[in-house]
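As a basis for the values below, the full set of heavy atoms in this structure was taken, side chains included, without hydrogen atoms, waters or symmetry mates. Order of listing sets the numbers, starting from 1, for every ligand and every atom in it.
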Amino acid sequence: MIEIVIATKNRGKISEIMEIISVEKVRLVDLHQLSFSGTIEERGKTFKENALVKAEAVYERYGIPAIADDSGLCVAYLDGKPGVRSARFAGPDASDEENNRLLMKKLQGVPWSERGAWFMCSAVFYYGPATYYVTEGRVNGIITEKCEGEGGFGYDPFFYLPSLRKTMAQLEKAEKNRISHRALAFRALRKHIEEYVADIATR
Ligand code: IMP
């Protein structure tokens, strides 16, 4: 069995990633199982930089291949903000509610045609010194004026998907996991992990 660490402590993400990246001959472990303590600072300017920092730090600490991601919401009218600062949009320890309130304030009076937005996710598989794969996933939508739906987290209740006529928060969990930015990025990453595993097996 080849061990790969999921470089996050977020239990929601762990189960989502486990579902997508179940590859034969791979045993996925998470940071709770490794009793990882401390935090990894996300100071990068891009999702890719942040995902890379997380995966690299965990690889360096344990010497085991690591996968990590970073994601957020980008709003066209706000020149791509909040972007990498999505979790901290309204302040360092902001709640989802506070972030959404600020988003509504900044988009007050902005017409529907200018409320385009996208969720982005960068995923990284880091498997040797400075050796890694990066994949990205993006899903487009429109920021609503009122929240709708109870599911998901973060900006989901305000993120409307025109093709499904629902907000992200109105989707069933399985449906979100099929179409989300994270699902797209990790599905693409899975292919690289399979190649890596096949390569090791032939050595
Ligand atoms: P991170 O990838 O855990 O750093 O996520 C950063 C932030 O982006 C989260 O705290 C949310 O505010 C936002 N975000 C990322 N993915 C989603 C999503 O699927 N739905 C809603 N908000 C998200």
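Using a 4.0 Å cut-off between charged nitrogen and carboxylate oxygen, E195 and K191 do not count as a salt-bridge pair.
Partners of D79 under the side chain to side chain donor-acceptor pair (under 3.5 Å) rule, at least two apart in sequence or in another chain, do not exist in this structure. Legend: residues meeting side chain to side chain contact (heavy atoms under 4.5 Å, CB included) with N50, ordered by chain and number and at least two apart, are E42, D70, V84.
Sorted by first and then second residue, the salt bridge (charged side-chain N to carboxylate O under 4.0 Å, His left out) pairs involving residues 90-99 (not counting sequence neighbours) are E97-R101.
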*Can K45 and E49 be said to form a salt bridge (charged side-chain N to carboxylate O under 4.0 Å, His left out), step by step?*
CA-CA 7 Å; K45 288 198 178 66; E49 270 178 61; over 6 Å; no

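Ligand 1 lies under 4.0 Å from heavy atoms of K13, E42, D70, S71, G72, S86, A87, F119, F153, G154, Y155, D156, K176, H181, R182.
In this structure a side-chain-to-backbone donor-acceptor pair under 3.5 Å is missing from R27 to I4.
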